[in-house]
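Every chain is numbered from 1, with letters handed out A, B, ... down the list of sequences.
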Amino acid sequence: MDTDLQLDALRRMVRIRRFEEAAMSIVRKGQGIAGSVHICIGQEGAIVGSCLALRREDYMVGYHRSHGHPIAKGADMGPLMAELMGRATGVCRGKGGSMHLADFSVGSLGETAIVGAGIPQAVGAAYSARVRGTDQVALAFFGDGAANIGSFHEGLNLAAAWNLGVVFVCENNLYAMSTALADTMAADSIAARAAAYRMPGIEVDGQDVGAVHEAVSAAVERGRAGGGPTLVEARTYRYRDHAEYGTLDLGHRAVEELEQWRTRDPIDLLRARLLDSGVDVALLDQLDADVAAEVAAAVTFAKRSPMPAPEELYEDLWATPIEPSPRRDAVPVAGAAR
Amino acid sequence: MRTMSYRDAIRAAMLEEMRRDPAVVVFCEDARFWTMPTNGFVDEFGPDRVPIMPISEEGFTGAAIGAAMTGLRPIVDYTISNLMYVAWDQLVNHAAKNRYLFGGQTSVPIVFRAAMKYANATAAQHSDRPYPQLMNVPGLKIVVPSTPADALGLLKSAIRDDDPVVYFEPLMLWGRKGEVPDGDHLVPIGRAAVAREGSDVTVVAIGDAVPAALTVAEHLAGEGIEVEVIDPRTLVPLDTAAILDSVAKTGRLVVADPAHRTCGAAAEISARVAEEGFDSLRAPIVRVTAPDVHPPFSPVLERLMYPTPERIHAAVRAVLRNASTAATAAAAGELIGR
C-alpha cells in the first residue's frame, strides 16, 4: 500500500473503532440500542485490508459481527448508527438492526445472524456476475466458528467447482463465542482446508492491514481474471466479549492473552508505520479529529431521527404485494341456520 | 388451445421464460437427466444458465439467494419436496426474510419448485406436502397448481414475480393432460379458480384433491346435488374472498387437503370462513385431510391417508345432513382425529 492508501486504511479503521466505541457507550448508558451488539474492535485490519482490495461495485457479505464491514466498504455511518438505534432512517429502516446491516449502494449485500449462511450467498453473487457478463467479484467474511458448518464447505465446493471469483475471508479471532477454536478443530489451520477444494489457502497476519490488503488483492485479481476462488485466513483477535453484556468478561480467556494481542493493535501498527515513513503526526491527529466529528455527527443523526411509524411494521415484506380480490356482493343464504 | 401434460406445462413455462429473460437460470440436481423437465435445457441455454449441481441443497439455495439479490431470477428445483428441508435455513431465514431485514433494499426473485411425490410408495422421507409449514413463514408466496393450464400460467407468473415463490407440484398430476391457452398464458398469483360451479356445497380442494373433488361433484350431479369446487391455486396470499363468496352462496364447506391436519391449509381456510363467513354457514365445516401420521411405505396403508373421492363424498353427504361436528368428522373419514 502506498502512503495515500495507508492513510485511507487508517481512516477506515479509526472510523470502525470510534463508531463501535460510540455504540458501546450508547448501550452502556441505555440510550437507545436494544438487543445484542457484537463488537469487532481488534479485527479492523482484516476487515479494512480486505474491503480496500474491492471496487465499490464488487460484492461483500458480512456476518453477525459486522458493523465494521459496511463502514470499510464505504457506507455512510449515519444510517448505520440509526439502524442500530432502530430508527426510521436506519439503513434497513429499522428492520435489521445490528446483525443485519446492509447497504446495497456500496455492494454490501447484507449480514446474517446464522453463522456461515452468507458464504453460499456470496458464491451466488459471483455466479450472477458471470451470467450477467460483469467482472465483479464477491467477498464473504466469516469467523473461525463458521469453518465448521456445512455452508462453508458447500460454498467453497460450489465456488471451486464452478471456478467463480469469490474471496473467502475468515477472520480467525480464535473463539466462537467463548469456545476456543483449538477445542473444536483437530487441525490448526483453516486456510489448509482450501486444499480439499483445490483452491489457494493463504494465512495472513490480520493485524497487519497491509499484509491483508496484499493477500486479498491478489485473490481479487485472480478471481476477476477467471482464476477462481481463494480462501484467506486472517489471524486476528477480538478485544471485547462475544456480545456486549454490560461488563467485559473474558470468559476462558486470560487477560495476558488480550494484553499480548493489544501490543499488535492494527491501528497502532499502521499509525507507527506511517510516522516511521515520515508522515506528519499533525496529519494523523487531524484524521483522528475528522473521524471523531464524523462519528459524532452519525450519532446525532441517529438520535434525532424519528422512530418508525406503526404502519412500517407491514412494509418491506413484499416487492410485489398482491391486493386481495374484492368480495362479490355476497348475500347470506336464505334460511341459514344462524 | 394446445393439449399438454402437467409436466410438459412446467417445461414449457420454464422454456418460454428462459427465452424471454436472460436473467432466468435453473438450479437443479441432475437437470440433464432424461426424467427432468429441464432435460435438454443446457443445449439451448448453455452451462452458465443451467449449471451442473452438486448435491448441496443448502449451498445452492444460498447461492440462488445471492444471485437473486444481484439481478438473476433463479428457478431452484428441489426435485422432491422433502429435499427442501435440507435447505430450510436458507429458505426460511434468508430467502423469506432478506427483503424485510434489509428494509426493502433488495428482493429475492426465486421460484422454488418442489415436486410432492406422495402416494408413490417412497415412504416418509420422499413423500411429503410441506406447504403448510411454509404458509407460516411470511415473505414466501405459495402456489399449488392442479391443472396443466395453471401449472404453466402460475409458473410463468412466479418466474416474473419479484418475491420468492414456492411452487408445489403434486407429482401424481405430472402425467395429467389438459388444454392450455395459446400465447403468453399467465395466471395471476393470489386468485382462486372456480373449478366447477354449484349451489349446494362448497368444496375447497388443494392440489390433487381438486380432481378428486371434481369426480365427487360429477357423481353427485346425477342426484341433483350441485357441488361447487374451488381451487385456491395460491395458498399465500390466499384468495379468501373467492372462498367466502362461494360459502355465502352454498352455506356449506368441505376443505379437502392432502397435507397433515394440524395447522394445515385446511385449518387456515376453515378458520377464515369461521371468522368472516360464520353467518353464511348452515352446517359445521368439515376438513378432509391426511391424519397426523407419516406416510408409510406400504401402499395398502398409505392409500388410506389422502382425500380420496370416497372420503370427500362422505364429507359432502355429512354437511348436507347438517350433521353435528362429531358426526361430520366421523363421516369425513374414520382416520380423522386420531
Residues 194-202 of chain B vs chain A, non-hydrogen distance cutoff under 4.5 Å, contacting residues -> none
Report task. Please step through side chain to side chain contact (heavy atoms under 4.5 Å, CB included) for the pair A:Ile114 and B:His94, ending with a clear verdict. Result -> CA-CA 9 Å; A:Ile114 308 299; B:His94 297 89; 3.8 Å; yes
Heavy-atom closest pair (A:Lys95 atom, B:Tyr100 atom, distance to 0.1 Å) is CB-O, 2.9 Å
For B:Asp77, the salt bridge (charged side-chain N to carboxylate O under 4.0 Å, His left out) test, sequence neighbours excluded, returns B:Arg113
In short, A:Pro120 meets B:Gly59 closest at the heavy-atom pair CB-O, 3.3 Å
Honestly, the part of B:Arg99 sitting under 4.5 Å from a heavy atom of chain A is both
Okay, B:Pro138 and chain A: the region with an atom under 4.5 Å from a heavy atom over there is both
Is A:Gln121 reaching over with its side chain to a backbone N or O of B:Gly66, donor-acceptor style, under 3.5 angstrom? no
Output for pair (A:Leu101 CG, B:Leu101 CG), nearest 0.5 Å, gives 11.0 Å
Exercise. Between B:Gln90 and A:Ala117, is there a donor-acceptor pair closer than 3.5 Å when you use the side chain of the first and the backbone of the second?
Worked result: yes
Honestly, the part of A:Asp103 sitting under 4.5 Å from a heavy atom of chain B is both
Closest heavy-atom pair, A:Leu158 versus B:Ala63, reported as atoms and distance to 0.1 Å, is CD1-CB, 4.1 Å
Against chain B, residues from residues 81-93 of chain A with at least one heavy atom under 4.5 Å, in numeric order, are A:Val91, A:Cys92, A:Arg93
Those residues at least two apart in sequence (or on a different chain) that pass salt bridge (charged side-chain N to carboxylate O under 4.0 Å, His left out) with B:Arg160 are B:Glu17, B:Asp184
Assert top hit (heavy-atom pairs under 4.5 Å, partner chain A, pool B:Val108, B:Leu238, B:Thr234, B:Thr70) equals B:Thr70
Given 3.5 Å as the limit, does a donor-acceptor pair link the side chain of A:Trp162 with the main chain of B:Ile52, or not? yes
Honestly, the part of B:Ile243 sitting under 4.5 Å from a heavy atom of chain A is neither
Heavy-atom nearest pair, B:Ala242 first then A:Ser325, reads N-OG, 4.4 Å
Heaviest contributor of heavy-atom pairs below 4.5 Å to chain A, chosen from B:Val25, B:Ile55, B:Thr61, is B:Val25
Minimal heavy-atom distance between A:Gly110 and B:Phe102, with the atoms involved, is CA-CZ, 3.6 Å
Checklist entry - Are the aromatic rings of B:Phe27 and A:Tyr127 close, with centres under 6.0 Å apart? => result yes
Q. Would you say the side-chain atoms of B:Asp162 pair up with the backbone N or O of A:Ala319, donor to acceptor, closer than 3.5 Å?
A. no
Honestly, the part of A:Leu313 sitting under 4.5 Å from a heavy atom of chain B is both
For A:Val131 and B:Pro22, the nearest pair of non-hydrogen atoms, with its separation, is CG1-O, 4.3 Å
Given B:Ser56, B:Pro47, B:Pro164, B:Ala64, the one with more heavy-atom pairs under 4.5 angstrom with chain A than any other is B:Ser56
Residue from B:Arg49, B:Lys141, B:Met69 scoring the most non-hydrogen pairs under 4.5 Å with chain A is B:Lys141
**Asked** Has the side chain of A:Arg130 got a donor or acceptor atom that lies under 3.5 Å from a matching backbone atom of B:Asp48?
**Response** no
Ranking B:Ser107, B:Gly104, B:Gly139, B:Gly190 by heavy-atom pairs under 4.5 Å to chain A gives rank one to B:Gly139
Could you tell me whether the side chain of B:Glu58 and the main chain of A:Glu154 form a donor-acceptor pair under 3.5 Å? no
